[in-house]
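Remember, predicted model here, so these are calculated numbers, not experimental data. Computed from heavy atoms alone, side chains included, the values below leave out hydrogens, waters and symmetry copies. Here is the naming used below: chain letters follow the sequence lines, and residue numbers restart at 1 for every chain.
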Amino acid sequence: MEYIKKEMGAYNLHLIKTKDFKTNRISISFKEPIVKENITKIKLLENILLLSNKTYQDSRDMAIKQEDLYDTIIDMFNNRVGNYNNLIVYMKALNDKYSEKGNFNKALDFLQDIIFNPDIENNKFKKDKFIIARDKVKAEILNAKEDSAFYAYYRAMEAFDKNSAIAYNSLGYVDDLDSIDEANLYKYYLELIKSSLIDIFVVGDIDSDEITNYFRNNFKIRTFKKQRLDYNLATFKPRHLKLIAKETSNYKQSRLIAICPLPKLSSYEAKYVSYVYNFILGGSSQSHLFLDVREKHSLCYGIGSSYDILDNTLVIHAGIDKDNFKETCNLIEQNIKNLRLGKFNLDEIKSGIEDFNTILDSILDSQGAIIENYFKIALNIGDDIETSRESISKVSKNDIIKLAKKIKIDTIYLLEGDKNGRN
Amino acid sequence: MEEINLKDIDAKLYKETLDNGLTIYLLPNNKRSNYYITYGVRFGSLYTNFKDGKEEIKVPLGIAHFLEHKMFEVKEGEKKPFEFFAESGSITNAFTYYDHTWYMVMGTKKFKENLHYLLNKINNPYFTEENVNKEKGIIAEEIKRSQDRITYKLTRALKENTYYYDKHKDDIAGDIKDIKKINPVQLHICYNCYYVPNNMFVVITGNFKVEETLDIIKEECSSRKERTVPKDLTKEEPFEVVKKEDTLKDNSKVGKVGLTLKIDTSIFKNIDKVSLQIYLSIIMDNILGYSSLLANYLIKKQLASNMNFYGSRYKNIAVYYGFFYTDKEDLLIEEIKNKSLDINITKEDFARLKKTFIANAIVNSDSVEAMNDIIVDQLIDYGDVVPDIISKIRTLDYDTCKSILKKIDFSNIAIVKTSNKK
């Protein structure tokens, strides 16, 4: 595998040449500082750009074109990376060797057509297309609100800090739909294309010069941008007293979310020690929370924890019966305390390190993982495979206890279920 | 050992059947770091009433899934599977389906040790009254979680309106009242009846050495005894749907319409099972897929904001499910009924969709996990692996597709809408 990074001025081009796959993949990341009101616009853009463009006038034409290109997949999704919204435009196309000569270039043309030739007239998106996209986004938001895991997660984050980007969901908000129309959405599209920080990742059996020339000639973005805002969210000020927020619902199962804000960690602690700590606490099927709350006390099916390096938070989640709320909270607190007191053994650390090593070993098995790894390096939240391997191997019991002492539950949220379930 | 050349995807598959009937499929790919091991059994949630020899046995719904949960139980003081596999950074999991169950390990290290351990564990179950009762709380929460899913009630209603006897109509995990009845004796009965080598399979894909792998499987499994698998006593399922139209009370803010099309596949006598399944998939893609006229029409007319579909096949019945998000349920149903009268497929549509099936088969071959899934699916659906699937797709012809399409009874559908309480 060969990796080249080219700074093209308006964007960075990351080229990863490998003959180990039958497809070529492209991932284009448009990052802009996150603004709550823009999230709904981004969702609308994703939908409207994939619905039609100047050449292909409706969803059937678009789908037929993709099928004709040997089922080339082109999709868009957005997520938040710390302080930024990250819109990903993604393409997976069969290599010419396994389809036909020119297939990949035709797919590339189609991709850039989708991004740069939207279906507009008089400087706005077409009304009928706008309405279709709006209805779809609205239904997706309403559906997600009825998904108890999604709903509970964001309600918990709102209880924790409703003003922080951590509480913004990536699907958008129904209330914001009213203020968006086909004209201001197009204006926003132009702004997004112009001002985003852009990284383009291409992985596959590619000719680096050819790809570079293709983007230079066709990717019509010329504005130079500077990163003015850190990717990391500012650290949260912990409460003096733990907040317990409860809400009733008519779901059968109750959802418990516990949030632990962390102070600023060193790069080594954030990238490596936190991984092993989380593995031991709730990040695996042999974690303390899994073995104690689920296996020993039979209180739940799903329980786990996750650490977000850009958000400086550790989040614990469990699906429980509402009558077991107090017992579950006590067990979670006790398990966090146990790690603080060093009540874990060296084998667990070893397993955490091995788990991380398996992830490193597996990176080259998947084009998606290869892109993800270089994306993390671009955001400065990851290292190359060898540096990562060396760093993780150094994680010691003392490192974990030092980190464990910084971890304390700040907010507990419970979406209380109803014994009888929905209506 | 049989060596099968998968020329379309530049790979070699090795097949062996042990004297006791255990079937083994090995697909090495040394370009990858990962290996993916599955040890599976043709026993799933459908089997709750069967005849073992002369004895008729009835067990509670959800028992196959319960058994799956209990297969990783160990005696006091022994190392637990999760702990054992985690030591090498490997991942383990298990899945129960309607007609089969499998246990997997995925990793990059300690292949031999992990393979030994997985086979040995599944070959030596350990159930006690205490560990069985302990699991009931865990599974109850799993059931509640799946019953809270937004399409659960609609899917459930659709199944009840589609199937008379077939247990596809019930949830794989059963209901909480069912699992309360489960005890160690019943688990042993199911294990002894179904977890026998002639009803099981090992599929391994990814980075491993064929010869030493086969030796390990033989060492762990050769001494297991073959046994006649019980006869399933579930009544034969009629081809007609149970109820054609129904309304479901739902508080959801997004209206939904679901439909199932139930197809009697026994009428297509001259077409082999594999080809038939691909033909049907192409036909359904052409009716309900993204490039279909129906999807385009419903989206343009704002009758549906989104839609998706999938299919399931068992014995001589294929069922396709379609889901539509809409706030105009009645109009949507009207249109679906109208459009179903003039369903067609053009030569161009057929050729294009055929191409997507070929492309997908090639894309999947890049993934160790996807290839393992495909081999298991083919074993379950067709009884053996289809080595020349891509060549087979290439030979499918338009006229046969049209003749199949003509024979499908598109009136045999069940439609369920959510009640409009917005």
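- Of the atoms belonging to A:Ile353, not a single heavy atom falls under 4.5 Å from chain B.
- Here the CD atom belonging to A:Glu295 is positioned 10.5 Å from the CG atom belonging to B:Asn131, to the nearest 0.5 angstrom.
- Neither the backbone nor the side chain of B:Asn93 comes within less than 4.5 Å of any heavy atom of chain A.
- A donor atom on one side chain and an acceptor atom on the other are not found under 3.5 Å apart for A:Ser298 and B:Lys136.
- Ranked by heavy-atom pairs under 4.5 Å with chain A, the list B:Ile362, B:Val368, B:Ile138 is led by B:Ile138.
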If you apply the rule side chain to side chain donor-acceptor pair (under 3.5 Å), what do you find for A:Asp361 with B:Thr108, and how did you get there? CA-CA 7 Å; A:Asp361 292 339; B:Thr108 58; 2.8 Å; yes
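- B:Ile150 CD1 to A:Phe150 CZ: the interatomic distance, rounded to the nearest 0.5 Å, is 11.0 Å.
- If you measure heavy-atom distances from A:Lys92 to chain B, the contacts under 4.5 Å come from the side chain alone.
- Taking CD of A:Gln253 as the start and OG of B:Ser146 as the end, the distance is 9.0 Å to the nearest 0.5 Å.
- Proximity to chain B (any heavy atom under 4.5 Å) is shown, for A:Ser284, by neither the backbone nor the side chain.
- Of the two parts of A:Ser59, the backbone and the side chain both hold a non-hydrogen atom closer than 4.5 Å to a non-hydrogen atom of chain B.
- There is no side-chain donor-acceptor pair under 3.5 Å between B:Glu87 and A:Ser351.
- Heavy atoms closer than 4.5 Å to chain B are found in the side chain of A:Leu94, but not in its backbone.
- Applying the salt bridge (charged side-chain N to carboxylate O under 4.0 Å, His left out) rule to pairs touching residues 293-308 of chain B yields A:Asp58-B:Lys300, sequence neighbours excluded.
- Side-chain contact annotation: B:Ser88 with A:Glu354, donor-acceptor N/O pair under 3.5 Å absent.
- For the residue pair B:Asp148 and A:Ser148, no side-chain donor N or O sits within less than 3.5 Å of a side-chain acceptor on the partner.
- Separation of atoms CG (A:Leu291) and NZ (B:Lys80) is listed at 6.0 Å; rounding is to 0.5 Å.
- Of the inter-residue distances, the one linking A:Glu146 atom CD with B:Ser252 atom OG reads 3.5 Å to the nearest 0.5 angstrom.
- In terms of heavy-atom pairs under 4.5 Å with chain A, the best-connected choice from B:Ala351, B:Ala359, B:Ser291 is B:Ser291.
- Top candidate by heavy-atom pairs under 4.5 Å with chain A, chosen from B:Lys31, B:Lys109, B:Glu348, is B:Lys109.
- Between A:Lys22 and B:Asp366 there is a salt bridge, since at least one side-chain N of the basic residue sits less than 4.0 Å from a carboxylate O of the acidic one.
- Looking only at atom types and distance, the side chain of A:Tyr301 has a donor-acceptor partner in the side chain of B:Glu142 under 3.5 Å away.
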